[in-house]
Amino acid sequence: MKAHKLTPRPIISINDYISARLAMLLFILIISVASPSRSLAENPVFIPSPTQKGVRTSTDVIAVTLPATALAVTLIERDWEGLKEGALSAAVTAGVTLGLKYLVKEQRPDFSNRHSFPSGHSAVTFASATYIGRRYGWKWSIPAYALSAYTAWGRVYGKKHYWWDVAAGAAIGAASSMLFTHPYMKKHEAALVPMATDTSAGVLLSFSF
């Protein structure tokens with residue numbers, strides 16, 4: 001009886017092998033593109049433009065200069081009651097702002113840390129502007145409010161805060177000064193007295209010295 005010679009058949013064809021290798025390479029490529037490295041995903045980097053750096057620096061300067069100016073005016077006027085009110089307003093502003101920063105832990109737009117909400121710069125500048133206006137008259141606070149508004153804008157433009165961060169900071173600072181600061185005119189017992197006659201009506205501003 002003649003024996004038949006068996007020819008071994010390959011387990012997988014060459015075409016199937018090549019197709020499998022190509023599919024594996026394609027899968028690896030897709031995973032590499034879709035999944036960036038762990039360090040980049042967890043620590044994105046924001047590089048501010050020269051203009052943004054300049055605006056950031058200017059807001060830092062204003063955040064120091066504006067309260068220093070308010071303090072200088074108070075000392076020049078020898079307004080010791082105003083000094084106490086300003087210190088109380090500053091303490092409340094700082095306490096509420098820092099407390100919320102560590103409670104909310106919102107990440108900044110530039111990914112530098114998680115202290116974005118609320119804006120400390122906006123809180124400090126608006127507290128100072130409101131103190132100046134509340135204590136010494138609104139006409140003196142107009143430049144201070146202009147600088148405060150620029151600071152709020154600059155913090156958003158410089159990618160240090162979101163718009164709601166600066167809005168909250170401004171509200172905290174302004175509310176603190178409004179709550180704890182009284183008009184300097186009360187030192188002289190100023191009063192508005194209503195007046196009326198048969199032909200006219202109005203108010204009389206009186207002072208006691």
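These numbers come from a predicted model, not from an experiment. Position 1 is the first residue of the sequence, and the numbers go up from there. Both backbone and side-chain heavy atoms feed into the values below; hydrogens, waters and symmetry mates do not.
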Have a look at Asp110 and tell me which of His161, Gln52, Lys159, Arg56 forms a side chain to side chain donor-acceptor pair (under 3.5 Å) with it.
-> Arg56
Point-to-point distance, once rounded to the nearest 0.5 Å, from CD1 of Ile142 to CD1 of Ile132 = 12.0 Å
Heavy-atom neighbours of Trp138 CH2 exceed 12 at 6.0 Å | yes
Provide the closest heavy-atom pair for Asp60 versus Arg155 in the form atom of the first, atom of the second, distance.
-> OD1-NH1, 3.5 Å
Quick one: do the Ser176 and Ser89 side chains pair a donor with an acceptor below 3.5 Å?
-> no
side-chain hydrogen bond (donor to acceptor under 3.5 Å, both in side chains) with Trp164: which residues, sequence neighbours excluded?
-> Glu106
Are Leu179 and Ile172 connected in the hydrophobic side-chain network, where two residues link if heavy atoms are under 4.5 Å apart?
-> yes
Do you reckon Tyr145 sits in the same ILVMFWY cluster as Trp153, going by side-chain contacts under 4.5 Å, direct or chained?
-> no
For residues Met178 and Thr130, report the shortest heavy-atom separation together with the two atoms involved.
-> CG-CG2, 3.6 Å
Measure across Lys101 and Pro118 and return the closest heavy-atom pair with its distance rounded to 0.1 Å.
-> NZ-O, 2.8 Å
Using atom types as modelled and distance alone, determine if a side-chain donor or acceptor of Ser122 lies under 3.5 Å from a backbone N or O of Ala170.
-> no
Identify the two heavy atoms, one from Asp165 and one from Ser116, that lie closest to each other, and give their separation to 0.1 Å.
-> OD2-OG, 2.5 Å
Between CZ on residue Arg108 and OH on residue Tyr162, distance to nearest 0.5 Å | 10.5 Å
Indicate yes or no: does Asp79 engage Lys84 in a salt bridge with an N to O separation below 4.0 Å.
-> no
In terms of hydrophobic clustering (I, L, V, M, F, W, Y; side-chain heavy atoms under 4.5 Å; direct or indirect links), are Leu66 and Tyr150 co-clustered?
-> yes
All heavy atoms of Thr97 vs all of Ala123, minimum pair found to be OG1-CB, 3.6 Å
In this structure, OH of Tyr131 is separated from OG1 of Thr69 (nearest 0.5 Å) by 12.5 Å
Can you find a pair of side-chain heavy atoms, one from Ser112 and one from Lys160, that are under 4.5 Å apart?
-> yes
Could you tell me which non-hydrogen atom of Thr151 sits nearest to which non-hydrogen atom of His121, and how far apart they are?
-> CG2-CB, 3.9 Å
Are Leu71 and Trp80 connected, step by step, through hydrophobic side chains (Ile, Leu, Val, Met, Phe, Trp, Tyr) whose heavy atoms are closer than 4.5 Å?
-> yes
Check the hydrophobic clustering (I, L, V, M, F, W, Y; side-chain heavy atoms under 4.5 Å; chains of links allowed) and say if Val55 and Ile62 are grouped together.
-> yes
In Å and rounded to the nearest 0.5 Å, what is the OG1 to CZ distance from Thr93 to Phe126?
-> 12.5 Å
Kindly determine whether Tyr136 and Ser141 satisfy side-chain hydrogen bond (donor to acceptor under 3.5 Å, both in side chains), including the steps that lead there.
-> CA-CA 8 Å; Tyr136 304 114; Ser141 67; over 6 Å; no
